[in-house]
Amino acid sequence: MIQLSNRLLAMEESATIAMSRKSRELKAQGLDVISLSLGEPDFNTPQFIKDAALKAMENNFTKYMPVPGYDDLRESISKKFRRDNNLSYNSDQIVVSTGAKQSIANVVLTLINPGDEVIIPAPFWVSYIEIVKVAGGIPIIVNAGIEKDFKITGAELDQAVTEKTKLMIFSTPCNPTGSVYSKEELRDLADSIKKHPSLVVLCDEIYEHINFESQHESLAQFKDVYEQVVTVNGVSKAWAMTGWRLGYIGAPKTIASACTKVQGQFTSGTSSITQKAAIAAMEADPSVLKEMISAFKSRRTLVLDALSKMPGIKTNHPGGAFYVFPDCSKYFGTAYKEHKIQNANDLCLYLLEEALVALVTGDAFGDPNCFRISYAASEETLNEAMRRIGSALSKLS
Ligand code: PMP
Ligand code: GLU
């Protein structure tokens, strides 16, 4: 009998990936399911990036590469950090991995001993919790409700820190809420962070370019906490490169070297071809992303307008990423036919079965009153999805 490890048995399947699998299965059965479950740009990778990959293959960049990434790629990431974020990371502070997901896992594995506490503001991205648990860490959730635009303050962070706290993990722009921390809000967090010199903060900035109303601000810009911050980013979202698998960190040298050590044993680093293609993305002027960002912005308006017409649905005003995270708690206690809605899981299942729209329950992101809509889909698809959701909700009483 195969006995799986306790570590594995304690792990939840990724809810985002599970929901997209489920909708793929239903589609394969011939059902007309609209999937707004996965956070994946519906655009294609720009041609100049694909061309760089083809050239890399022709030039035989097909062998093992340096574990933290090719020197020229890390040099171009270093320039990107300076150009876009005013952050100074030398190449030896940069580690390139197979997606931001692995970057986060590397950092957690290098820092967390069993029993260490990791502060995670909720709502959070699904994988943070499970990665921390695998490392034996204890997730300490700090709830940030919709009335606070799902953001926490320095005072709240202060309150959560104990002598066991090692790390905090958060994203800005945030998956799943789309909330964006302003410079002042990050400064407020930094004031708390600097009071706890052994605290490291992982700031996940993978949605940095998908920001509709303000300039992206990085936590590491504040010199008094720079040595305590790991900046995570990647090419999946801005450059529509989810399948290429490349993420990276800018970090204090000790953490960067430790991540290289972990990665040297686990994966040896990400694909040589992807790395060469990513240089083209890093060196491109981010203004080429304008069209994509403006498409996301009009989709956000479309989804928010439609939701505002649905009684009992409450939203924040998401400034970035491509998600809306509506509060649907007014529907708890309602029913239609055999469907009884007690929580957001029930509502998502109902919307999948009755409206054929796949969403992800807020439970997976640490807020059981909400569900997540990924609006990385065409306006036509979104209009139809919103029509179906509105109609299914109106049947509940
Ligand atoms: N962080 C956040 C907040 C995300 O939404 C995602 C999902 N793509 C990741 C990290 C991981 O991205 P990837 O591994 O594709 O680089
Ligand atoms: N990050 C995306 C999401 O939240 C992609 C899925 C995943 O990596 O978990 O849907």
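Start at 1 and go down the list; that is how both ligands and their atoms are numbered. Start at 1 with the first residue, then count along the sequence. All values derive from a computational prediction rather than experimental measurement.
- In this structure, K297 fails the cation-pi test against F212, since its NZ or CZ atom is not both closer than 6.0 Å to the six-membered ring centre and inside 45 degrees of the ring normal.
- For K194, the NZ atom is densely surrounded, since the number of other residues' heavy atoms within 6.0 Å is greater than 12.
- Using a 4.5 Å heavy-atom cutoff, the side chains of I169 and D204 are not in contact.
- The distance from ligand 1 to the heavy atoms of Y207 drops below 4.0 Å at these ligand atoms: 3 (C), 4 (C), 5 (O).
- By the criterion of a heavy-atom distance under 4.0 Å, the side chain of N175, and not its backbone, is placed next to ligand 2.
- Shown here is K133, whose NZ atom has more than 12 heavy atoms of other residues, nucleotides or ligands within 6.0 Å.
- A donor-acceptor contact shorter than 3.5 Å links the side chain of N343 to the backbone of N345.
- In this structure, the protein non-hydrogen atom closest to atom 14 (O) of ligand 1 is R245 NH2, 2.8 Å.
- Protein heavy atom closest to atom 16 (O) of ligand 1, with residue, atom name and distance, is A100 N, 2.6 Å.
- Residue E147 places its CD atom among more than 12 non-hydrogen atoms of other residues, nucleotides or ligands, all under 6.0 Å distant.
- Nearest heavy-atom pair, E185 versus K151, reported as atom, atom and distance to 0.1 Å: OE1-NZ, 3.0 Å.
- Within the 4.0 Å heavy-atom criterion, the part of S236 lying near ligand 1 is the side chain and not the backbone.
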Just do the side chain to side chain contact (heavy atoms under 4.5 Å, CB included) check on S97 and Q263 with the steps written out, would you? CA-CA 8 Å; S97 303; Q263 184 158 298; 2.6 Å; yes
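- Counting atoms of ligand 2 from 1 in the listed order, those under 4.0 Å from a heavy atom of S14 are 9 (O).
- Here the side chains of F222 and L186 are in contact, with some heavy-atom distance below 4.5 Å.
- Under 4.0 angstrom from ligand 1, there are no non-hydrogen atoms of Q102.
- Protein heavy atom at the shortest distance from atom 8 (O) of ligand 2 is K101 NZ, 3.1 Å.
- Here the protein heavy atom with the shortest distance to atom 9 (O) of ligand 2 is T16 OG1, 2.8 Å.
- Per-residue contacts place R372 under 4.0 angstrom from the following atoms of ligand 2 (heavy atoms of the residue considered): 3 (C), 4 (O), 10 (O).
- At under 3.5 Å, not a single nitrogen or oxygen of S127, backbone or side chain, sits near a nitrogen or oxygen of ligand 2.
- Closest protein heavy atom to atom 6 (C) of ligand 1: W125 CZ2, 3.5 Å.
- For atom 12 (O) of ligand 1, the closest non-hydrogen atom of the protein is I206 CD1, 3.5 Å.
- Short contacts between ligand 2 and G39, defined as distances under 4.0 Å to a heavy atom of the residue, involve ligand atoms 2 (C), 3 (C), 5 (C), 10 (O).
- A salt bridge links E354 with K395: the distance from a Lys NZ or Arg NE/NH1/NH2 to an Asp or Glu carboxylate oxygen falls below 4.0 Å.
- Each of the atoms 3 (C), 4 (C), 5 (O) of ligand 1 lies under 4.0 Å from some heavy atom of N175.
- Here Y128 contributes atom OH and M168 contributes atom CE; the two are 10.0 Å apart, rounded to the nearest 0.5 Å.
- Residue-level proximity to ligand 2 for Y323 is carried by the side chain, the only part with a heavy atom below 4.0 angstrom.
- Atoms of ligand 1 found under 4.0 Å from any heavy atom of K237, numbered from 1 in the order shown, are 7 (C), 8 (N).
- Taking a 4.0 Å cut-off on heavy atoms, G234 fails to register as neighbouring ligand 1.
- No cation-pi contact links R372 to F365, judged by a cut-off of 6.0 Å to the six-membered ring centre and 45° from its axis.
- Using a 4.5 Å heavy-atom cutoff, the side chains of I34 and E384 are in contact.
- Crowding of Q159 atom CD: a count of heavy atoms from other residues, nucleotides or ligands under 6.0 Å not exceeding 12.
- A heavy-atom separation below 4.0 Å is not found between M19 and ligand 2.
- Close N/O approach between L38 and ligand 2 is not found [any backbone or side-chain N/O within under 3.5 Å].
- Below 3.5 Å of separation, one finds no N or O of I104 facing any N or O of ligand 1.
- The protein heavy atom nearest to atom 1 (N) of ligand 1 is D204 OD2, 2.6 Å.
- Polar contact with ligand 1: absent for Y128 (N/O pair, distance under 3.5 Å).
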